[in-house]
Structure formats: C-alpha cells, structure tokens
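We use all heavy atoms of the structure for the numbers below, so side chains are in, but hydrogens, waters and symmetry mates are not.
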Amino acid sequence: MLITPLIHLDAYPDRAQYRPGQPGNLLVELETAEDAVLEIQVAFHKLERPVYADKLRVAAGKGERVQVTVPLFLEETEWAGYGADVAVLLDGERLGAASTAYDIADHWRRAPRYGFLSDFRSGEAGDLRDVESMNKFHLNVIQFYDWMYRHDDLIPEGDEFTDPMGRTMSYRVVLEKLSAVHGKGMAAMAYGAVYAGLKDFLAGRPEWGLYQRSGEPFQLIDLFYIMDITPGSPWTDHIVGEFAKAVKAGFDGIHMDQYGFPKKAVRRIGGQEEPVDLAECYPALIDRTKAAVTEIDPEAGLIFNNVGNYPVAATACADQEAIYIEVWPPVIHLRELKALIDNARMLNPAKPVILSAYLPSFYPPAGNDPEWAENGAVMTMATIFASGGYHLLLGEERGMLTKPYYPDYAEMQQTFALEARRYYDFIVRFGTLLHHPALEDVSYTYTGGVNTEISFQGKNAPTFAPNGEAGSVWTIVKRMPGYMLVHLINLAGLEDDYWEHGKRQRPEPQDGIVCTVLLEHPVERIYTASPDEEDGGVRDPEYAIAGHEQGLAAQIALPCLKVWTMLVVKYKEQE
C-alpha cells in the first residue's frame, strides 16, 4: 500500500499554562504530500499514569497545512503536569508521531518557566510570532526587558520614544505584546532597576543618590546612577510608585533588578553622611513593593535579582515568588550551578529557584560553531533542570540569552529549537517530580564512596559519583514521600565541565548501566524517562528484586544514557 508521507507534524497546547477549571486545547498541525483522510490518536498521561485517550479523523489536502483542535484532559488541581502523545495513521498504518506537555496551576509561581521579550520597536506591531514561539516552550512568565521610557520614569507619555540605550521604542507595541502574552496564559513582568536613576535625575536631586567614600556617585557606564534605597528614602517612595504604575498599566508584577554593586555605600541626609549596607535594604524594598503591587492586583508577583548570588541569604525569605539568581564567575562549573540551587532551596524550600545563566557561546558576533554551542547548552539545561531549578534562557522567537543586555540574544537553529522544546516538554510533564518543594537531596549520603544505598555498574566502567566532574556519570539523588529519584547526567568523554562553554562533542553514550537501589518501602512501579528521547515519555526497564546488606534492593537495567536520564522508584502508599 502506498503510504502518504507526512511533510509536517507538530503538537502543542494553546496556552503556556492553565488555571484550574480553565478550558484548553491541544493544537495538532499537519501537512501531507497527497490528499488523505487521516486518523489522529491522542493519549494523555499524568506522570506515568494514562488518564485519557481520544481519536478523530481529518481530511488533509495535498500540500495544505491543517490545524486540528483536540480538547485537553483537564482537572481541578493546585498543580499537575501532563504528557500528550499524538499518533497519525492512514488506513491503520502509522505515519508519524509527536509529543508535547502542559500543566495546570493555581498561580505561575508553582512552576515559573521564565522567558523574555526585549524587542518593542514600532516595526514589531502586529507581529506576534515571538509569543507563539514562547508558547511552544511553555514559558508562562515573561520578563519585558527594557520596555520603559526611563529607569526613573517608567511609563512614556506618548507612543514612540527613545530609551536610555538609544533604541527607538513603541509603547503601543509593549501593550500589544502584553495583551498577547495574557492571551496565551502567560504572566508579564515589568523590568525595573531598583536603584537606577539617569544622570540628569541625580543632578537635580543629589541627596537621593548613593556615594563612594571618595564622594563620587556610584554609577554604571556613566548612564545609570545608583540611588538610595534605604527604607523611607525619597527614592524608595518614588520607585515603588513607579512599579505600582506599571501594574496599573496591565503588568502582572515586577522584575526587580540590581547590578550586584555597591554592597556598601554612603548616603547624604541633611548635610550628613551615613553608611548604607544594601543587603539590609533589599528585603524591606522587596516587601514594600510586593505590598504596593498586590494592593492593585492581589495576584501580582515579584522577582528580585540576586546578582552573583548576592545577597540571597538576606532576600530568600522576602515576599517574592521565587529565588532568582543571575550567575556570574566565580561560578563556572556545572556542579556549581547545582550548588546555587541547593543552597537557595535550603534557605527557603517553599520558593522555586530560577537561574539566569547566559550562554555567551551563542553570541552572534563571536561567530562560534552552532553545534559547539548547542553541545554545551544541553549540558547546562540538563544540570539546572535535574537539580530542581528553572532557567531564564529562552524568549522572543526561538531566542536565547547570550549577555546580560537582552537585545544581544541569539536565534536558535531549527533543529536545536526542537531539542530544546523536548527539554521544556519534559520539565512540564514531570514538573511535580523535578521541582516539588518537598524534595530532599541525598546525593552525597546515598551514592558514591562508602554509601551503598544506591550503586551503579557500567559496561564501559565509567565513574559514577555525585561530584559532577568531567569524565564521570553524575548521580543526583533526591527523595520525597512516595518517591526516590535518581538523575544521571552523562559527562563521559567531555573535555571540561564549564557551563558557559560549548563542547566539541556530546557525551559518549553509556549502555549497559545497572543501578541497584535499596528499597525503603514496597514498590508500586519503577520507570525511567529522558528528554533525549523523541517522546520524552515513560519507559519500563527490566529489574529484579535481590538481597541487599540492608534489606531488599531493585537491580535495574537502565536504557542507554545519552545526556540526562531520570530513574523513578515509586513506592506504594503507606498506611
């Protein structure tokens, strides 16, 4: 029988995230080389459990792009993730398959998949391909970077204006993008530097600034001057009022930025100088801003930038939606990304952790080999996600951040964009396992060295260890009530473990790994999943129950490890 080939097949939800009780649809796009009547089968899963299936028939004309709408499986829940697997058949013969994911949450703070927009030129009017692209990556909270008229005067009086960096911008486009992201179930965060006033602003109000011991004002590139954020200062009153105006204009919250310096400064009050420790000022500023914006919108959110992890110990318990860290040297190794996430979770286990980890290997003027940059990027994504963090990286239309100035973003090649989508599908589908606040990291007490609770054997005898060193298989072990999770990140064959760098090649695939897990409770199911597989779905490996020096253990034959595999041991419910 002649099979009509599929030229195009894609599937994605119509929103980045759904609220409980909100309707939603799966959008299936397809195109065939010949006229055909096709059968579309859709299977929905909640973690490892099938929850619903549907099928329908559709007529596709030769060369015609068809979009089919399939209602999603939805339920009342605070937060849950689902997989959707699509198969296309012709007369019973399978032509192709596609997979995606979606989640339901009562607020985006449950799973803040942070993205960005930075292009607001008048030429962007009517062009919403960026929002459509971000939706396919399930980015549910979007930072509008440098959207404003000035850092000390956010809302422009008219439409077109020139921003402090010399870009010609359109406020009408800002509002159009704002409406578009809302239409996709995304929250919009207004960027605002907490202490940046322009030079003329400070010149007219010298007592509002912060100064060095020498008497010179603190500033960045002779453009942004650091203002006094002590509680009750005139600048604090002013900037909190500006943030409130942004929320009144339609934004869903504020991204509060700082520059990581100064840490100590001097303020001038009534002709006197007083020392200022900025780490002591930030929590009060965060709390005051949150109170101001939630008075306008009770669901308004806030994210504060801990630049280089400063001062995360002071801000972790402030009133904000997540612990957000902009990563800078001396954090240069993959394992140090995990350490940032681990430390933040210890400071406040209730808050999700977002790393802003830019990838300069993609910076367009650098002219690097795209494959080299992509090989490094996938290692960074796997590390952050397996460690329980989120990654501010993607935005615009297939854009990736390369520098702290967001307009310097790069565009992913189509093939890598598809791979990145699999990784984001994965963290949505398995989000309640990867990012659950109850997770406890036991990597250094359950595996490696003298620990025997979890052990590994490999056909090629690589090193299995929780240290995350190049040349090894990195073992990250987490547990929570009902589950033991083992993440394997493949660093075998890599020349280094630097997260910012590209890599000459992907890790050497590891076959024949056997993982032995001490069973702390009776087992309900053991399965694996990996974003390196086309569908990212559940696999049931062969395993046997055997004696262990501490009781019983499961000896599990793992599938081939490419970059990142997650092993899930699900225990039976305990009475």
**Prompt:** Run the side chain to side chain donor-acceptor pair (under 3.5 Å) check on His255 and Asn305 step by step: do they pass?
**Reply:** CA-CA 8 Å; His255 178 96; Asn305 184 6; 4.7 Å; no
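- For Asn375, the side chain to side chain donor-acceptor pair (under 3.5 Å) partners are Arg506, not counting sequence neighbours.
- Between the side chain of Asp152 and the backbone N or O of Ala196, no donor-acceptor pair lies under 3.5 Å.
- Between Arg335 and Asp342 there is no salt bridge, since no side-chain N of the basic residue sits under 4.0 Å from a carboxylate O of the acidic one.
- Judged by distance alone, the side chain of Glu419 and the main-chain N or O of Gln414 form no donor-acceptor pair under 3.5 Å.
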**Audit row: Gln320, Thr315, side chain to side chain contact (heavy atoms under 4.5 Å, CB included) steps and yes/no** = CA-CA 9 Å; Gln320 56 187 323; Thr315 62; 4.1 Å; yes
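- The only member of Phe144, Tyr406, Tyr149 that meets ring pair (Phe, Tyr, Trp, His ring centres under 6.0 Å) when paired with Phe120 is Phe144.
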**Prompt:** Does the ring pair (Phe, Tyr, Trp, His ring centres under 6.0 Å) test come out yes or no for His435 and Tyr390, once each step is laid out?
**Reply:** CA-CA 9 Å; His435 300 109; Tyr390 296 91; 3.9 Å; yes
**Request:** Could you walk me through whether Arg129 and Glu132 pass the salt bridge (Lys or Arg N to Asp or Glu O under 4.0 Å) test, one step at a time?
**Result:** CA-CA 5 Å; Arg129 288 175 295 179; Glu132 294 289 340; over 6 Å; no
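- Ring pair Phe224/His151: centre-to-centre distance below 6.0 Å.
- Ring-centre distance between Phe201 and His238: below the 6.0 Å cut-off.
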**Residue pair Leu359, Glu500: steps toward the side chain to side chain contact (heavy atoms under 4.5 Å, CB included) verdict** = CA-CA 6 Å; Leu359 296 179; Glu500 280 189 322; 5.6 Å; no
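- Atom CZ of Arg504 is surrounded by 12 or fewer heavy atoms from other residues, nucleotides or ligands within 6.0 Å.
- The cationic group of Lys199 does not satisfy the cation-pi geometry with Tyr225, failing either the under 6.0 Å distance to the six-membered ring centre or the 45° limit from the ring axis.
- Within the 3.5 Å criterion, the main-chain N or O of Ser387 finds a donor-acceptor partner in the side chain of Lys478.
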**Item:** Criterion side chain to side chain contact (heavy atoms under 4.5 Å, CB included) on Asp228 and Tyr195, from CA distance to verdict
**Value:** CA-CA 7 Å; Asp228 177 13; Tyr195 53 24; over 6 Å; no
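- Residue Tyr498 qualifies as open at atom OH: its count of foreign heavy atoms under 6.0 Å is 12 or below.
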**Request:** Before giving the answer on salt bridge (Lys or Arg N to Asp or Glu O under 4.0 Å), spell out for Glu321 and Lys290 the whole-Å C-alpha distance, their side-chain angles and the decisive distance to 0.1 Å.
**Result:** CA-CA 10 Å; Glu321 315 315 308; Lys290 183 63 179 295; 2.6 Å; yes
**Request:** Give the intermediate values and the outcome of ring pair (Phe, Tyr, Trp, His ring centres under 6.0 Å) for residues Trp147 and Phe251.
**Result:** CA-CA 11 Å; Trp147 62 278; Phe251 283 98; 4.8 Å; yes
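- In summary, the aromatic rings of Tyr145 and Phe116 are positioned with their centroids too far apart to meet the 6.0 Å limit.
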**Prompt:** Taking it one step at a time, do Lys562 and Glu533 satisfy salt bridge (Lys or Arg N to Asp or Glu O under 4.0 Å)?
**Reply:** CA-CA 9 Å; Lys562 297 174 184 174; Glu533 301 298 332; 3.8 Å; yes
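- Side-chain contact, Arg421 with Tyr12: no donor N or O sits under 3.5 Å from an acceptor N or O.
- Salt-bridge annotation for Lys503 and Asp496: present, with a side-chain N of the basic residue lying under 4.0 Å from a carboxylate O of the acidic one.
- Ring-centre distance between Phe430 and Phe385: not below the 6.0 Å cut-off.
- Environment of CD in Glu295: sparse, with no more than 12 heavy atoms of neighbouring residues, nucleotides or ligands closer than 6.0 Å.
- Side chain of Thr432 to backbone of Ala80: no donor-acceptor contact under 3.5 angstrom is found.
- Between the side chains of Tyr405 and Asp146, not a single donor N or O lies within less than 3.5 Å of an accepting N or O.
- Side chain of Asn140 to backbone of Ala111: a donor-acceptor contact under 3.5 angstrom is found.
- Under the 6.0 Å distance and 45° angle rule, Lys403 counts as a cation-pi partner of Tyr363.
- Crowding of Arg167 atom CZ: a count of heavy atoms from other residues, nucleotides or ligands under 6.0 Å exceeding 12.
- Taking the six-membered ring for Trp and the full ring otherwise, the centers of Tyr324 and Phe304 sit at least 6.0 Å from each other.
- A salt bridge links Asp441 and Lys338; the closest N-O separation between the charged side-chain nitrogens and carboxylate oxygens is under 4.0 Å.
- Although no hydrogens or angles enter the test, the distance criterion places no donor-acceptor pair under 3.5 Å between the side chain of Asp497 and the main chain of Leu334.
- A salt bridge does not link Asp425 with Arg429: every distance from a Lys NZ or Arg NE/NH1/NH2 to an Asp or Glu carboxylate oxygen is 4.0 Å or more.
- Residues Arg267 and Thr230 bring a donor and an acceptor atom of their side chains to less than 3.5 Å of each other.
- Closest heavy-atom contact between Leu561 and Leu488: CD1-O, 3.5 Å.
- Residues in residues 365-374 take part in these side chain to side chain donor-acceptor pair (under 3.5 Å) pairs, two or more places apart or across chains: Glu374-Gln413.
- Judged by distance alone, with hydrogens and angles left aside, the side-chain atoms of Arg398 form a donor-acceptor pair with the main-chain N or O of Met412 at under 3.5 Å.
- At distances below 3.5 Å, at least one donor-acceptor pair connects side-chain atoms of Thr383 with backbone N or O atoms of Met379.
- A donor-acceptor pair under 3.5 Å links the side-chain atoms of Gln505 to the main chain of Gly493, judged by distance alone.
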**Asked** side chain to side chain contact (heavy atoms under 4.5 Å, CB included) between Tyr409 and Thr402: does it pass, once the steps are laid out?
**Response** CA-CA 5 Å; Tyr409 69 84; Thr402 67; 5.6 Å; no
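- Across Arg15 and His182, no two heavy atoms sit closer than the pair NH2-O, 3.8 Å.
- A salt bridge is defined here as a Lys NZ or Arg NE, NH1 or NH2 lying under 4.0 Å from an Asp or Glu carboxylate O, and Arg121 with Glu124 meets this definition.
- Annotation: Tyr358 is not in aromatic contact with Trp499 [ring centroid separation under 6.0 Å not met].
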**Asp119/Lys177 under salt bridge (Lys or Arg N to Asp or Glu O under 4.0 Å): CA gap, chis, key distance, verdict** = CA-CA 10 Å; Asp119 290 342; Lys177 303 288 187 186; over 6 Å; no
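- Of the possible polar contacts, none joining the Glu396 side chain to the Gly399 backbone as a donor-acceptor pair under 3.5 Å is found.
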